[in-house]
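Chain A is the first sequence line, chain B the second, and so forth, proteins listed ahead of strands; every chain is numbered from 1.
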Number of protein chains: 2
Amino acid sequence: MKLREFAKQLGLSPTTVSRALSGYPEVSEATRARVATEAMRLGYRPDINAVRLKTGRAGAIGVMMGRSGEIHFAEFVSGMAQRLETADTDILITPITAHNDDDEIQAYRRLVESRRVDAVIIHSPRPQDPRIEMLNSLGVPFLVHGRSETEHVHAWLDIDNEGAVRRSTEHLLDLGHRRIAMINGLRGKTYSIHREQGFRLAHQERGLTADPNLMVCDKFSDESGFRHARSFLERANAPTAIVAGSTMTALGVYRAVRSLGMTVGQDVSVIAHDDVFPYLTAENMVPSLSTTRSSMRAAGTRCAELALQLIAGRAAEEIHELWPVELILRESTAPPR
Amino acid sequence: MKLREFAKQLGLSPTTVSRALSGYPEVSEATRARVATEAMRLGYRPDINAVRLKTGRAGAIGVMMGRSGEIHFAEFVSGMAQRLETADTDILITPITAHNDDDEIQAYRRLVESRRVDAVIIHSPRPQDPRIEMLNSLGVPFLVHGRSETEHVHAWLDIDNEGAVRRSTEHLLDLGHRRIAMINGLRGKTYSIHREQGFRLAHQERGLTADPNLMVCDKFSDESGFRHARSFLERANAPTAIVAGSTMTALGVYRAVRSLGMTVGQDVSVIAHDDVFPYLTAENMVPSLSTTRSSMRAAGTRCAELALQLIAGRAAEEIHELWPVELILRESTAPPR
DNA sequence: AAGATAATTGAAAACGGTTTCAATTCATTT
DNA sequence: AAATGAATTGAAACCGTTTTCAATTATCTT
């Protein structure tokens with residue numbers, strides 16, 4: 001059903017009906033109520049594409065999705081959805097399939113220049129991330145989930161990765177551990193750099209030096225956790241504690257520890273960062289896993305809110321949120337043997 | 001830049017430019033090439049909303065996302081993206097937040113009646129799923145990932161859940177197990193029913209009866225795997241083998257087995273269904289996990305393809321794909337003690 | 001009750017493309 | 001060279017809304 005037709009059935013002009021449905025003030029309450037009721041009854045709903053064309057608003061936020069099945073992705077998007085369902089705003093998923101930066105830039109251009117989205121959210125930036133300058137020059141509101149060191153203005157929300165790992169490492173050092181390994185995230189990402197910084201700082205504060213041979217970067221997966229932990233623990237001068245990048249990594253670490261006939265929380269302490277996945281909880285692991293915790297879902301919800309604010313005109317330079325991280329001690333960390 | 005302006009710069013009419021870019025045959029090759037080059041150079045790109053309005057095609061496929069962080073979701077969508085990136089078709093995520101069917105139906109109406117999407121994909125249907133009749137009556141092309149028993153016509157793609165569990169169970173029975181437990185998926189979903197059927201059939205074929213006390217339904221998570229396995233194994237007449245719903249469930253099952261001082265593959269056999277997540281591989285578990293395997297990402301890719309075919313006009317009644325499942329035996333299944 | 005003001009309503013012009021139909025150009029045939 | 005048909009191009013209508021501006025109706029003053 002079209003507006004024309006619907007308006008005629010009501011004996012009103014399309015103008016008035018449009019105004020009534022869009023909440024304009026100059027329409028009488030009686031009329032508005034009648035229009036709303038009838039729209040429901042007759043099932044009239046504006047063609048969103050006409051609305052978008054006319055208003056210039058796409059009513060959608062774009063999210064870039066990396067090629068590799070990202071474990072965080074579903075939680076983040078689900079969090080976004082929670083905020084956006086009352087905002088009549090859609091979530092548009094765009095795959096980043098590109099192998100070179102140029103292809104990636106084309107993907108953004110497509111989104112923005114053809115007016116598919118009003119704002120874009122990008123993840124896991126690098127310190128000098130070309131995407132940020134790109135989006136800036138495209139003139140589209142965008143939010144960075146994570147941080148970058150680029151001088152270009154950008155709104156961002158990040159968790160305190162440095163503080164998180166600093167605190168986990170301090171905790172392990174306080175327990176008496178002196179050889180601590182870290183299985184970090186992907187090399188080059190800002191969050192990995194921050195985590196490494198936290199790791200080093202905790203050591204420095206105590207006059208110690210983090211051992212570069214005990215630091216490694218890799219993707220967050222059970223398999224990489226296993227492989228690296230195993231390699232660490234088989235060395236002559238094996239670490240007595242391991243800082244893992246995610247609960248999934250920790251899973252592999254646990255496995256590696258067991259596979260060598262050792263016990264987590266006794267022979268080796270393990271602590272990890274937990275993004276809070278409903279299907280894998282640190283508390284339930286055996287032994288329960290000490291973590292730094294920050295909900296990925298909550299980040300998604302907040303990022304959606306901030307993106308809406310950007311669209312509404314809030315300045316990017318005033319949107320910088322650094323979320324603290326909870327330290328939760330459980331059974332997997334204890335003094336070294 | 002608008003079409004008018006761009007066309008003027010080229011000294012052509014908007015008509016010709018539009019045709020050149022849309023690949024219509026009646027435009028000379030020379031002109032087409034020039035238009036394409038200049039579009040690239042000057043950065044012209046049609047406003048997608050105008051195109052959508054005029055052509056009536058939304059250029060997007062809608063995917064419903066359950067509220068609870070679904071572990072399968074990212075992989076499925078990522079698979080879809082792989083197919084859709086060359087089809088100039090977007091993926092629209094819509095949260096199903098509804099607690100009652102009515103809200104859910106409203107969500108579909110919104111998608112379809114306001115022409116946001118050309119097709120919809122729904123997941124995990126129940127045997128009598130009201131969504132199917134709903135989408136049918138809305139007249140939108142839709143694809144069901146999973147199966148339903150409704151008499152309403154619908155296109156679907158499903159894996160052979162019954163066959164998968166039948167084969168895993170047969171395998172366990174062949175090894176000599178007689179008390180086998182199953183930790184199934186969510187109650188009421190068709191896939192859970194099919195799996196239960198496979199479980200029962202494998203028993204029946206051998207003149208045995210599946211024990212209803214050893215069958216339970218729950219969500220796929222590490223935690224539920226642990227809880228149920230634990231409860232099974234603590235019973236007087238404990239099972240010697242467990243069929244788990246997912247690798248995540250299996251993780252919990254492994255944990256439960258260990259927590260009771262037993263060993264997977266020796267005291268208890270475990271087999272699970274594996275949707276193939278890049279961050280958690282059955283092969284790497286210790287002991288490596290026997291599975292029935294079917295790639296969720298591949299399903300996403302194929303569902304996207306089928307959705308495009310539906311949009312192109314292919315009849316729903318001729319789209320029914322039942323995917324076989326691989327049985328992969330590893331170390332977690334062995335004869336009972 | 002008339003005049004002024006405020007509250008509602010409607011007509012028509014966009015928004016930026018696509019597509020129908022008609023006009024023009026070009027190549028081919030006689 | 002004229003006639004014919006094919007290949008290109010363009011003018012204008014239209015997709016379904018929103019919004020500007022003008023017109024109408026209701027309410028309030030005096």
task: Determine, for B:Arg110 against A:Asp90, whether the closest basic-nitrogen to carboxylate-oxygen distance falls under 4.0 angstrom.
output: yes
field: Side-chain ion pair, A:Lys8 and A:Glu5, N-O less than 4.0 Å
entry: no
Please state how far atom [atom1] in [X] lies from atom [atom2] in [N], giving the value in whole angstrom units.
X	N	atom1	atom2	result
B:Asn49	D:dC15	CG	C1'	13 Å
A:Arg52	D:dT17	CZ	C1'	13 Å
B:Arg4	C:dA14	CZ	C1'	12 Å
A:Arg116	C:dG16	CZ	P	17 Å
A:Leu53	D:dT19	CG	P	12 Å
A:Glu26	C:dG10	CD	P	13 Å
A:Lys8	C:dT9	NZ	C1'	17 Å
A:Leu10	C:dG10	CG	C1'	15 Å

field: For DNA chain D, the residues among residues 32-46 of chain B that have a non-hydrogen atom under 4.0 Å from it
entry: none
- prompt: Restricting to pairs with a member in residues 135-152 of chain A, which pass salt bridge (charged side-chain N to carboxylate O under 4.0 Å, His left out), not counting sequence neighbours?
  reply: A:Arg147-A:Asp158
For a quick test of reading the model: is some side-chain N or O of [X] closer than 4.0 Å to OP1 or OP2 of [N]?
X	N	result
A:Thr16	C:dT8	no
A:Ser22	D:dT18	yes
B:Thr31	D:dT9	yes
A:Ser18	D:dT18	yes
B:Lys2	C:dG16	yes

query: Does a distance-only test, which skips hydrogens and angles, find a donor-acceptor pair under 3.5 Å between the side chain of A:Arg115 and the base of C:dG16?
result: no
- request: Kindly indicate whether the side chain of B:Thr15 and the base of D:dA11 share any N or O donor-acceptor pair separated by less than 3.5 Å?
  value: yes
message: With nearest nucleotide decided by heavy atoms, which residue, B:Val27 or A:Leu3, maps closer to the 5′ end of DNA chain D?
response: B:Val27
- prompt: Between A:Asp47 and B:Ser13, which has a closest nucleotide on DNA chain D that is more 5'?
  reply: B:Ser13
query: Is the closest side-chain donor-acceptor distance between B:Arg297 and B:Ser78 under 3.5 Å?
result: yes
query: Side chains of B:Asp275 and B:His72: is there a donor and an acceptor less than 3.5 Å apart?
result: yes
message: Need one value for A:Ile48: base, sugar-phosphate or nothing, where a base atom within 4.0 Å counts as base even if backbone is also close, heavy atoms only.
response: nothing
message: Heavy atoms only, 4.0 Å cut-off, all strands: where does A:Arg19 land among base, sugar-phosphate and nothing?
response: base
- request: Taking all heavy atoms of B:Ile132 and all of B:Ser148, pick out the closest pair and write down the distance.
  value: CD1-CB, 3.3 Å
- prompt: When the ring planes of B:His145 and B:Phe76 are compared, do they come out parallel, tilted or perpendicular, using 30° and 60° as the limits?
  reply: parallel
message: Going by salt bridge (charged side-chain N to carboxylate O under 4.0 Å, His left out), name the residues that satisfy it together with B:Glu133, two or more places apart in sequence or in a different chain.
response: none
